Amino acid sequence: LNKVDLAEKQGLRINVNLLSEELGLPVVPCQANRGKGVLDLKHAIRHPFPSPANRKWKTDNNTESAISSLIKDLEGKGMDSHKASAHAIHLLADTSYRTEDQPGIDRGVRQAAMDRASVCIRAGSAPEEEISKARTVWVQSICGVAARRQKANGEVGGLTLSDKIDQVVLHPIWGWLIFAGLMFTV
């Protein structure tokens with residue numbers, strides 16, 4: 001976890017232990033430009049990483065069904081379950097990954113991924129969007145638990161002025177209207 005110093009300057013406190021627990025892997029706070037945390041990072045790398053945790057986010061039923069069937073296909077080709085799960089998600093989350101040759105994934109599996117993605121799309125849910133949304137919600141929930149903004153007086157704070165401006169300017173509707181208004185006036 002790099003640039004911890006910048007986060008702290010902006011009043012953001014990150015509970016590294018909780019973040020590590022939620023992610024299911026070691027998290028080492030660092031400040032690379034000053035060399036802080038590098039020794040801890042080297043120490044953490046020496047130890048074997050824990051086996052990947054089970055996926056903690058879920059998508060809609062169509063995409064979940066497609067993921068499950070692709071995992072079975074990949075396991076049937078001799079791939080271990082963790083790799084099969086990662087590849088199945090990647091095949092559905094990335095159009096180019098499922099349409100271009102990939103090492104260790106034969107054309108039949110890629111075709112099955114394309115077919116399952118098509119089924120999801122016909123049912124009204126694009127797997128790329130569903131996976132992205134589910135991951136985003138999961139990451140936001142972890143950030144809500146493990147990262148807290150703290151005001152100068154020690155109270156837990158809310159959004160900074162920059163965050164509030166971003167909410168308006170980057171809004172899917174208001175953002176475009178503000179952009180169009182600025183372009184019109186310039």
Side-chain angles (χ1 to χ4, degrees), residues 1-4 6-7 14 16 19-30 32-33 37-38 40-147 166 170-173 175-176 179:
L1 181 64
N2 197 19
K3 298 187 178 184
V4 174
L6 295 179
I14 300 170
V16 176
L19 182 60
S20 178
E21 184 181 308
E22 289 292 322
L23 292 174
L25 52 93
V27 175
V28 180
C30 298
N33 64 342
V38 174
D40 293 334
L41 182 60
K42 286 179 181 178
H43 183 69
I45 291 172
R46 278 190 220 144
H47 297 292
F49 284 122
S51 58
N54 292 330
R55 181 168 50 103
K56 295 182 180 181
W57 50 269
K58 298 288 182 209
T59 64
D60 67 304
N61 290 337
N62 293 323
T63 306
E64 285 299 323
S65 175
I67 291 170
S68 295
S69 60
L70 280 174
I71 290 171
K72 288 177 187 169
D73 289 350
L74 290 164
E75 288 174 340
K77 303 275 183 188
M79 193 177 283
D80 74 73
S81 63
H82 289 297
K83 279 187 178 180
S85 177
H87 279 293
I89 292 165
H90 199 169
L91 283 163
L92 289 170
D94 184 352
T95 305
S96 63
Y97 190 74
R98 70 174 165 260
T99 57
E100 298 170 5
D101 286 338
Q102 303 299 329
I105 299 177
D106 66 21
R107 288 182 187 265
V109 173
R110 285 196 347 264
Q111 184 59 50
M114 287 186 263
D115 294 343
R116 289 184 180 97
S118 295
V119 168
C120 291
I121 291 167
R122 282 194 300 272
S125 61
E128 297 90 347
E129 292 175 20
E130 295 299 329
I131 290 170
S132 178
K133 279 193 280 186
R135 285 177 169 171
T136 300
V137 167
W138 178 65
V139 168
Q140 288 173 338
S141 72
I142 291 174
C143 290
V145 171
D166 285 349
L170 299 175
H171 188 273
I173 296 169
W176 283 108
F179 176 73

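Model, not experiment: these values are computed from the prediction. Residues: numbered from 1 along the sequence shown.
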What is the distance from atom CD1 of Ile142 to atom CG of Leu19, rounded to the nearest 0.5 Å? 7.0 Å

Which residues satisfy the side-chain contact (heavy atoms from CB on, under 4.5 Å) test with Gln140, sequence neighbours excluded? Thr136

In terms of heavy-atom contacts, Ile14 and Ala7 come closest through CD1-CB, 4.3 Å

Could you check Lys58 against Thr63 for side-chain contact (heavy atoms from CB on, under 4.5 Å), going step by step and ending with a plain yes or no? CA-CA 9 Å; Lys58 298 288 182 209; Thr63 306; over 6 Å; no

Distance, nearest 0.5 Å, that separates NE2 of His47 from NE2 of His43: 3.0 Å

Validation: residues 113-131 side-chain donor-acceptor distances under 3.5 Å, sequence neighbours left out:
from   : atom 1 : to     : atom 2 : distance (Å)
Asp115 : OD1    : Gln111 : NE2    : 2.9
Arg116 : NE     : Ser69  : OG     : 2.5
Arg116 : NH1    : Asp73  : OD2    : 2.9
Arg116 : NH2    : Asp73  : OD2    : 3.2
Ser118 : OG     : Met114 : O      : 3.0
Ser125 : OG     : Asp60  : OD2    : 2.8
Glu128 : OE2    : Thr95  : OG1    : 2.8
Glu128 : OE2    : Arg98  : NH2    : 2.4

Apply side-chain contact (heavy atoms from CB on, under 4.5 Å) to the pair Lys3 and Asn33, showing each step before the final yes or no. CA-CA 8 Å; Lys3 298 187 178 184; Asn33 64 342; over 6 Å; no

Once side chain to side chain donor-acceptor pair (under 3.5 Å) is applied, what residue pairs with a partner in residues 75-85 remain, sequence neighbours excluded? Lys77-Asp106

On a heavy-atom basis, the closest approach of Val16 and Pro29 is CG1-CD, 3.8 Å

CD1-CD1 distance between Ile71 and Ile67, expressed to the nearest 0.5 angstrom: 7.0 Å

Are His87 and Leu70 packed together at the side-chain level, in the sense that at least one heavy-atom pair is separated by less than 4.5 angstrom? no

Among residues at least two apart in sequence or on other chains, which ones pass side-chain contact (heavy atoms from CB on, under 4.5 Å) with Lys56? Trp138

Has Asp166 got more than 12 heavy atoms of other residues, nucleotides or ligands less than 6.0 Å from its CG? yes

Restricting to side-chain contact (heavy atoms from CB on, under 4.5 Å), what partner residues turn up for Ala44, sequence neighbours left out? Val28

Any residue meeting salt bridge (Lys or Arg N to Asp or Glu O under 4.0 Å) with Arg55, in chain and number order, not counting sequence neighbours: Glu64

